[in-house]
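Numbers here simply count residues along the sequence, with the first being 1. Everything quoted here is computed from the prediction, not taken from an experiment.
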Amino acid sequence: FCFVYPQFKLIIENYATTNDGRSVIYISSRTFLGINFDGVFYTPLAFVVIPCSIALYRLFINKGSTSYNLYSTILFSLSLFCGGNRACLMCIVILWGGFGIYFFIRKNFILKMLLLPICATGIITIFFAFSQEKNETSNEIKQQHLLTYKQLLNSNPVVYITGMGAGSKVYSYGFQAKTELMEWTYLELIRLYGIFSLYILYIFYNPVYRLWKNKKYYQYGIPVSLGSLLYMLSSYGN
């Protein structure tokens, strides 16, 4: 409706804006790999990768109703697809092209040795193609952000050990202004907290590791840990 009726799009955009002017829903038309994507991205949408991983796992491991699991998997995958941004699209590719194929051929050792390296190569190729997309504003801004990190490293390398502190501002070539936060999540953690960012990463990644390590004790330890890992990896750029 938003793309067929522009006036409806304006209503949604006005409604989905906080009091301080930040958008909660982003409606955009973007081009990836020569394909146009009309997307309606609701900011918490990326979390759907976790239930999508669970539904996919249930579908291929034969847990519960096959028709219900298929419906859930398609529903969650479509919601990620409708987001229309790189992170959500890559989540779909990895879930179906990586986890899905692994679950499907998990009992066939020869197929796993043949297909999984091909799938991994394809996923990595698509990721770099997305990252190097020309005429994409988001990519251009991210590239300019990297110049900021480089300049900061050259002028004051000790910052990457001590950190600049939470809420500290830095001039970003990407935004052409001072900002408290740039779009490279993990680099920002290092800029703000230096070596102490390792502790922050430990807090988030340790539960994923523990779920995977003790997966035989948790019914959905595998899909929840994989979904959580995928979410945190895909958040590198926002």
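Aromatic ring orientation, Y231 versus F47: parallel (interplanar angle below 30°, classes split at 30° and 60°). Below 30°, between 30° and 60°, or above 60°: for Y220 and Y57 the angle between ring planes is above 60°, a perpendicular geometry.
Within 6.0 Å of atom CZ in F81, 12 or fewer heavy atoms from other residues, nucleotides or ligands are found, so the atom counts as exposed in its surroundings.
In this structure a side-chain-to-backbone donor-acceptor pair under 3.5 Å is present from N214 to R210. Side-chain N or O atoms of S53 include one that pairs as donor or acceptor with a backbone N or O of P223 at under 3.5 Å. No donor-acceptor distance shorter than 3.5 angstrom exists from the side chain of S228 to the backbone of V208, with no hydrogens or angles considered. Put simply, the side chain of S197 never gets that close to the backbone of Y193: no donor and acceptor are under 3.5 Å apart. S172 contributes no side-chain N or O that, together with a main-chain N or O of A177, makes up a donor-acceptor pair within less than 3.5 Å. No donor-acceptor pair under 3.5 Å is formed between the side chain of W212 and the backbone N or O of L226.
At least one side-chain heavy atom of L152 sits less than 4.5 Å from a side-chain heavy atom of M164. Side chains of Y171 and Q176 form a contact here, defined as non-hydrogen atoms less than 4.5 Å apart. Considering only heavy atoms from C-beta on, C52 comes within 4.5 Å of S77 through its side chain. Counting heavy atoms from C-beta on, the side chains of T162 and I195 never come closer than 4.5 Å. In this structure, the side chains of Y149 and M182 come closer than 4.5 Å at one or more pairs of heavy atoms. Residues Y218 and V224 are not in side-chain contact: their nearest non-hydrogen atoms beyond the backbone lie 4.5 Å or more apart. Side-chain contact between L89 and L80 is absent, with no heavy atoms from C-beta onward closer than 4.5 Å. The closest side-chain heavy-atom distance from Y186 to L201 is below 4.5 Å.
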inquiry  = Would V49 and L95 count as a side chain to side chain contact (heavy atoms under 4.5 Å, CB included) here? Give the steps.
reply    = CA-CA 8 Å; V49 68; L95 281 173; 3.8 Å; yes
ask   = Checking side chain to side chain contact (heavy atoms under 4.5 Å, CB included) for the pair N156/V159: CA distance, chi angles, key distance, verdict?
value = CA-CA 6 Å; N156 193 7; V159 161; 3.2 Å; yes
message = Let's go through K169 and T179 carefully: what are the C-alpha distance in whole Å and the side-chain angles of both, what is the deciding distance for side chain to side chain contact (heavy atoms under 4.5 Å, CB included) to 0.1 Å, and is it a yes or a no?
response = CA-CA 5 Å; K169 289 188 175 183; T179 181; over 6 Å; no
request  = For T73 and W96, run side chain to side chain contact (heavy atoms under 4.5 Å, CB included): C-alpha distance rounded to whole Å, both residues' side-chain angles, the deciding distance at 0.1 Å, then the answer.
outcome  = CA-CA 10 Å; T73 305; W96 283 93; 3.2 Å; yes
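Y5 meets the side-chain contact (heavy atoms from CB on, under 4.5 Å) test with F1, Q7, F8; sequence neighbours excluded.
Under the 4.5 Å side-chain heavy-atom criterion for grouping Ile, Leu, Val, Met, Phe, Trp and Tyr, L233 is connected to I200 within one hydrophobic cluster. Residues L192 and L146 fall within the same hydrophobic cluster, defined by Ile, Leu, Val, Met, Phe, Trp and Tyr side chains chained together at heavy-atom separations under 4.5 Å. Linking Ile, Leu, Val, Met, Phe, Trp and Tyr residues whenever their side-chain heavy atoms come within less than 4.5 Å places L59 and I74 in a single cluster. Under the 4.5 Å side-chain heavy-atom criterion for grouping Ile, Leu, Val, Met, Phe, Trp and Tyr, L10 is not connected to I25 through any hydrophobic cluster. Hydrophobic clustering (ILVMFWY, side-chain heavy atoms < 4.5 Å, transitive): V170 and L181 are in distinct clusters.
Here the OG1 atom belonging to T148 is positioned 7.5 Å from the CD atom belonging to Q144, to the nearest 0.5 angstrom. Here N154 contributes atom CG and Q151 contributes atom CD; the two are 8.0 Å apart, rounded to the nearest 0.5 Å. Here the CG atom belonging to L75 is positioned 11.0 Å from the CG atom belonging to L70, to the nearest 0.5 angstrom. With rounding to the nearest 0.5 Å, the separation of CZ in R58 from OG in S65 is 8.5 Å. Once rounded to the nearest 0.5 Å, the distance linking CG of L153 with CG of L187 reads 10.5 Å. In this structure, N14 CG and I11 CD1 are separated by 8.0 Å, a value rounded to the nearest 0.5 Å.
Residues L230 and I94 come closest through the heavy atom pair CD1-CD1, 3.5 Å. For L45 against S79, the heavy-atom pair with the smallest separation is CD2-O, 3.3 Å. For the pair R191 and E180, the tightest heavy-atom approach, listed with the atom from each and the gap, is NH2-O, 3.2 Å. Across all their heavy atoms, F41 and C88 have their closest contact at CE1-SG, 3.7 Å. Heavy-atom minimum distance, M232 versus F204: CE-O, 3.5 Å.
Aromatic rings from Y173 and F175 are positioned such that their centres are separated by 6.0 Å or more.
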